[in-house]
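Just so it is clear, the structure is predicted and the values come from calculations on it, not from any experiment. All chains are named by letter (A, B, ...) in the order of the sequence lines, taking the proteins before the strands, and each is independently numbered beginning at 1.
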2 protein chains.
Amino acid sequence: MKEIQDREQLNHYLRAFQLESVFHEPLLPHLSLYGFEQGDLICTQGQAPEYLYVLVNGKIKIYTTSSEGKTLVLSFKTPLEVIGDVEYVRGTPILNTVEAVSSVCMIGIHYRWLHKYGRDHAPLLQFLLEIITQKFYIKSNSLSFNLMHPVEVRLASYLLSVTSDESDSRLEGQQSAVSLSDAANFIGTSYRHLNRVIRQFCIKGLVERDKGVIVVKDRNGLSALAGHNIYEHNRGKGGTRL
Amino acid sequence: MKEIQDREQLNHYLRAFQLESVFHEPLLPHLSLYGFEQGDLICTQGQAPEYLYVLVNGKIKIYTTSSEGKTLVLSFKTPLEVIGDVEYVRGTPILNTVEAVSSVCMIGIHYRWLHKYGRDHAPLLQFLLEIITQKFYIKSNSLSFNLMHPVEVRLASYLLSVTSDESDSRLEGQQSAVSLSDAANFIGTSYRHLNRVIRQFCIKGLVERDKGVIVVKDRNGLSALAGHNIYEHNRGKGGTRL
DNA sequence: ATTGGGAAAGGACATATGTCCTGAATTGGC
DNA sequence: GCCAATTCAGGACATATGTCCTTTCCCAAT
């Protein structure tokens, strides 16, 4: 992580994401811009959090590691997203590890200033409420979905969600996006089993493998399998009502 | 549902749960007390929400039903808890169905007044933030836990969490608390499989069956199985930091 | 070109879990 | 007390998923 001394850039992001009212006058001087390289850990499960981060550029991966060493990828996030919000409100240790999947740019602010100047600042509180309810909503869907559907359906849904916003319909290997074992951990299954299911999909003509890369061939077929259940990872409609 | 015209009682609850600053002067006249009988639906998945409810007495069950008709019980809640908070903030349809498991008493307030008088009221926003982050925290744990552990472990954990706050260590049949099929739906498995695992537990001497009722015999044994992972359903420590 | 390392795919087997169905047990009504 | 209807426990089988290990393939360093 390195701090980016570029007030201009910071202001640009604040404007672009309409955060100017959220971080009002007294908070402004304490905002900084931070850059992370692919693979950098932005925060680590179990540690004491210090900063609230706002993801404004790049892609991050959020995961948890069990005491037995298993990893579960909880989500991939793109802007606008907030890290450390739940911990800020509850005063608890960091819940999940956050890692940069690409180069990442985040706005950071120390809890100290949030407590001091943001505690009663309604726009900030409203912003946090919106972000957190959205997280809750996504996680709630994710929980039900995972518990109620077999891996086959989850994979179909996952493939659709990952490829929908990419230009082409390929699931990249390691370079640009998400590895297969990340995918396995995200779906909550073993790498072995993931391969098994992908094989099935190949036989059915839904996808094709091309040395480590999965290419979606039949979106409609996958969609039928997924049964309209898609992992959400974008801000749904239903705009702010607050 | 029936409205309870008892200002005295309402004020008592407000005091008991320290909600007096949360619902300030302009909101007060619009608070009402509502009673529900066991089995009543407090709100229904997919409908348009109108009221924010605060659970102040009794026990409720929150569940979702998939399009295939499967039911997944997400949680059981006791006071203090809030229903309709996420929907209020996001302006979305009701996410899950909520049902009274015992006689239930809730404070209700129409969204209309929350929007009108509560929108910028920091104590209310802070209260919602605390409640929702807590929900998020619990759901996050629940997701990882369910995805990373087999039914055996989840059941052990469930039995511990359900019996810890009861006077005796029995999992009641249908009358007072939670039915076995609710338990199955909560753990996210089939009734059949639940029985299978219970049978194992009986053989190992961890629990005993007594006509429909499960009696915990060896909490330590269950605890070892659960491996310190306990379903959370109470407000953890880590008090407010806001 | 050669080779060693490591990722990637898949085989073999064990276990976990789901579905369907049957028989026992329980309850409410007469 | 007896019977029908309902609930509950469990058998039999199929499927889903996990673990371990082997094979193949690719690439980098020599």
Item to check | Contact under 4.0 Å: R154(B) side-chain N or O vs dA16(C) OP1/OP2 | outcome: no

Checklist entry - Could you state the CG-P distance from L155(A) to dT17(D), rounded to the nearest angstrom? => result 11 Å

Item to check | Protein-nucleotide distance (H193(A), atom NE2; dT17(C), atom C1'), rounded to Å | outcome: 12 Å

Checklist entry - Are the aromatic ring centres of F76(A) and F186(A) under 6.0 angstrom apart? => result yes

Checklist outcome for this item: Checking dT17(D), dT17(C), dA9(C) against the side chain of P150(A) (C-beta onward), the nearest is dT17(D)

Next on the checklist: Can you see whether Q38(A) engages S103(A) through a side-chain donor-acceptor pair at a distance of less than 3.5 angstrom?
Outcome noted: no

Checklist entry - Rounded to whole angstroms, how far apart are CG on L194(A) and P on dG10(C)? => result 11 Å

Checklist outcome for this item: To the nearest angstrom, the CD-C1' distance between Q200(B) and dT15(C) comes to 11 Å

Checklist entry - With a distance cut-off below 6.0 Å to the six-membered ring centre and an angular limit of 45° from the axis, does R154(A) pair with F145(A) as a cation-pi contact? => result no

Checklist entry - What do the steps show when you test V215(B) against V207(B) for side-chain contact (heavy atoms from CB on, under 4.5 Å), and what is the final call? => result CA-CA 5 Å; V215(B) 184; V207(B) 306; over 6 Å; no

Report, one pair per line, the protein and nucleotides 11-13 of chain C atoms (nitrogen or oxygen only) whose separation is under 3.5 Å.
from: dG11(C); atom 1: N7; to: R192(A); atom 2: NE; distance (Å): 3.4
from: dG11(C); atom 1: N7; to: R192(A); atom 2: NH2; distance (Å): 3.0
from: dG11(C); atom 1: O6; to: R192(A); atom 2: NE; distance (Å): 2.7

Checklist entry - Under 4.0 Å between a side-chain N/O of T189(A) and OP1 or OP2 of dG18(D), yes or no? => result yes

Checklist entry - Side-chain N or O of Y191(B) less than 4.0 angstrom from OP1 or OP2 on dA9(D)? => result yes

Next on the checklist: Please compare K70(A) and S181(B) by the position of their nearest nucleotide in DNA chain D and report the one closer to 5'.
Outcome noted: S181(B)

Checklist outcome for this item: In T64(B), L147(B), L74(B), the residue satisfying side chain to side chain contact (heavy atoms under 4.5 Å, CB included) with L143(A) is L74(B)

Checklist entry - Rounded to whole angstroms, how far apart are CZ on R209(A) and C1' on dA9(C)? => result 6 Å

Checklist outcome for this item: Rounding to the nearest 10°, end axes of the helix from dA1(C)-dT30(D) to dC30(C)-dG1(D) built from five pairs each make an angle of 30°

Item to check | Q9(A): partners by side chain to side chain donor-acceptor pair (under 3.5 Å), with sequence neighbours left out | outcome: Y13(A)

Next on the checklist: Without decimals, in angstroms, what is the distance between F201(A) CZ and dA16(D) C1'?
Outcome noted: 13 Å

Checklist entry - Whole-Å distance between dG18(D) C1' and N185(A) CG? => result 14 Å

Checklist entry - Taking atom P of dG23(C) as reference, at what distance in whole Å does atom CG of N195(B) sit? => result 18 Å

Item to check | Evaluation steps, salt bridge (charged side-chain N to carboxylate O under 4.0 Å, His left out), between K204(A) and D218(A) | outcome: CA-CA 10 Å; K204(A) 292 185 196 167; D218(A) 178 3; over 6 Å; no

Next on the checklist: Is it true that S142(B) and N146(B) share a donor-acceptor pair across their side chains at a distance under 3.5 Å?
Outcome noted: yes

Checklist entry - Can you find a pair of side-chain heavy atoms, one from L52(B) and one from I83(B), that are under 4.5 Å apart? => result no

